[in-house]
There are 2 protein chains.
Amino acid sequence: MFDSTRTLYDKPRTVCDCLYPGEVTGKQFTSVWTRDPRPAKSPGRSRDEIVRAAVELLDAEGLEGLSMRKLGARLGTGATSIYWYVANKDELLELAYDDFWGEITLPEPTAQTWQQTVAAAAHGMRRLILRHPWSGELIGRMPSLGPNALAFAAVLRRTFKLAGFAGLEIDYANTTLTAYVFGMTIPELAWNKSKADGGYDPDTMREAVTKATAGIPELTESIHNSWDLDPDQVREMAFSFGLGAVLDGLEARLVT
Amino acid sequence: MFDSTRTLYDKPRTVCDCLYPGEVTGKQFTSVWTRDPRPAKSPGRSRDEIVRAAVELLDAEGLEGLSMRKLGARLGTGATSIYWYVANKDELLELAYDDFWGEITLPEPTAQTWQQTVAAAAHGMRRLILRHPWSGELIGRMPSLGPNALAFAAVLRRTFKLAGFAGLEIDYANTTLTAYVFGMTIPELAWNKSKADGGYDPDTMREAVTKATAGIPELTESIHNSWDLDPDQVREMAFSFGLGAVLDGLEARLVT
DNA sequence: ACCTGAACACCGTTCAAGT
DNA sequence: ACCTGAACACCGTTCAAGT
């Protein structure tokens, strides 16, 4: 990790005065969210514009398709101009990732039962992730401390609190739910990706899986069970099944 | 530990004879697992040796720390020599990923209640992922069709079948469980990573989170709740809590 | 305040050539 | 059968220099 953060700002802003001097404990935690953006006075580009273009590029070409040079080209500037607005590529990705979170429709906790609210949020998350597959590759790479991610977490937390959870269990319920959604959706991305990258049709994929699992009776049986079902439908059903299980399990923890 | 990859590459398998010719439907599904490895006759390197070195490098420097050149250096060869054993870097990662799966201790379905078996498997998975953090970044990137991954899936499937699940629900239960484990563990990796990369102590991290969540009452409350607890312990507790919920939820689906 | 271009230290991968 | 080195087309990032 390099340390260009100190050269980024011409003048320190008041909120973050305490950032750069050597501290007792060690380095300051580095993240876009612990720092102020550039003022962005007048003409030129803006962070917003850059992030929006980055998300477009990510949607179109995936995480590996995003490079500073390509992004610069899309913006009609040199690649290195971007570094005026953003310390490095990782920060840009943090920004893009929070932009992703901003797209989710926040559930309204009081309108329905908590199960309905949570289920709606879960399905919304899944659809959002499938719409922006690159998000799945970012989850394990950086903590999400952006305002949009936090806003969503807050609403979900409130929902669980209203449901009757208390203390640490509010957070346990929260992380359990989002863990389920991510864990269920991310492997879908891998399949979609290899399908898209290779341009395979479903039959080719099915054949590959059949071949790989040949000789393992449990798994050939599994494939046989869903042989003539639409893969997308199976995934939806699987998602709903597991979501129901998670909600039931949480409810059981509520009454005891 | 690394035992199961060994037997795979030494001799050509008959199963995959039909691989390279152009097919009717379009391109052949491309994956290490749908093709035969090089015969690997005599002295030289072996796939095994290369994969083992790759895993070491991944453990030491993470996914972004693995390059063909560095790996070559570690093996005492040129970077391009590796391409004789492996088609490209992605294939190497597929192999490394399955090597990862080979490290898990397969549960013994008949020894205990299915809940105990599954819980043990879940904790084992989590520990394994935390031990090889790069695995978390690979999940969303490529389907896991390697023999070790499949062997684990098969045992888990058998466990759920013995528990009384039938038809598609065997798979639903299976994917629900693994989704939970991955979804719960992957975000841990992100924190560990940024902690390690920056060399932060827990207080610095806590301070950063506090700053980011300031102004969102639900989240400041959340932080307050776990303020003087060991973060690692909190995560363990959260994991066990959610795991219990998932198991209960699955059981409820079993009796109805 | 913003943008540029050249430059540096890396990548993955191909390929003709060696043994 | 295996390995090499040079070469190509890329990367992220820095920095002095421009406006």
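Convention: sequence-line order gives letters A, B, ...; per-chain numbering from 1.
Looking at the side chain of A:S81, the nearest of the listed nucleotides D:dT13, C:dT4, C:dG12 is C:dT4.
Side-chain contact between B:L95 and B:I50: absent, with no pair of heavy atoms (C-beta onward) separated by less than 4.5 Å.
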Practice item. Report the C-alpha distance between A:F239 and A:Y180 in whole Å, list the side-chain angles of each, state the deciding distance to 0.1 Å, and finish with yes or no for ring pair (Phe, Tyr, Trp, His ring centres under 6.0 Å). Key: CA-CA 9 Å; A:F239 185 80; A:Y180 172 73; 5.5 Å; yes

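Checking the phosphate oxygens (OP1, OP2) of D:dC2, no side-chain nitrogen or oxygen of B:Y85 falls inside 4.0 Å. In terms of phosphate contacts, B:T77 brings no side-chain nitrogen or oxygen within less than 4.0 Å of OP1 or OP2 of D:dC3. Between A:W84 and C:dC3 there is no side-chain N or O to OP1 or OP2 distance below 4.0 Å.
Distance, A:M68 CE to C:dA6 P: 19 Å, rounded to whole Å. A straight line from CD of B:E49 to C1' of D:dC2 spans 13 Å, rounded to a whole angstrom. For the pair A:N88 CG and D:dC11 P, the computed distance is 17 Å after rounding to whole Å. In this structure, the CD1 atom of B:I82 is 13 Å from the C1' atom of D:dT4, given to the nearest Å. Atoms NZ (B:K89) and C1' (C:dT14) sit 17 Å apart, rounded to a whole Å. Between A:K70 atom NZ and D:dG12 atom P the separation is 9 Å, expressed in whole Å. The nearest whole Å value for the distance from the CZ atom in B:R47 to the P atom in D:dC2 is 13 Å. Taking atom CZ of residue B:R69 and atom P of nucleotide D:dA7, one finds them 13 Å apart after rounding to whole Å.
Look at D:dA17: it lacks any Watson-Crick or wobble partner with both distances under 3.5 angstrom. Shown here, D:dG12 forms a base pair with C:dC8; the pair counts as Watson-Crick or G-U wobble because both key distances fall under 3.5 Å.
Contact of A:T80 with C:dG5 (side chain to base): a donor-acceptor pair of N or O atoms is detected under 3.5 Å.
Using a 4.0 Å heavy-atom distance criterion, B:L66 is classed as a sugar-phosphate-only contact. A:L92 comes within 4.0 angstrom of nothing in the nucleic acid, heavy atoms only.
Salt bridge annotation for B:D171-B:R157: present, with a cationic side-chain nitrogen under 4.0 angstrom from a carboxylate oxygen. Salt-bridge annotation for A:K89 and A:E94: absent, with no side-chain N of the basic residue lying under 4.0 Å from a carboxylate O of the acidic one.
Ring planes of A:F29 and B:W191: parallel class, angle under 30° (limits at 30 and 60°).
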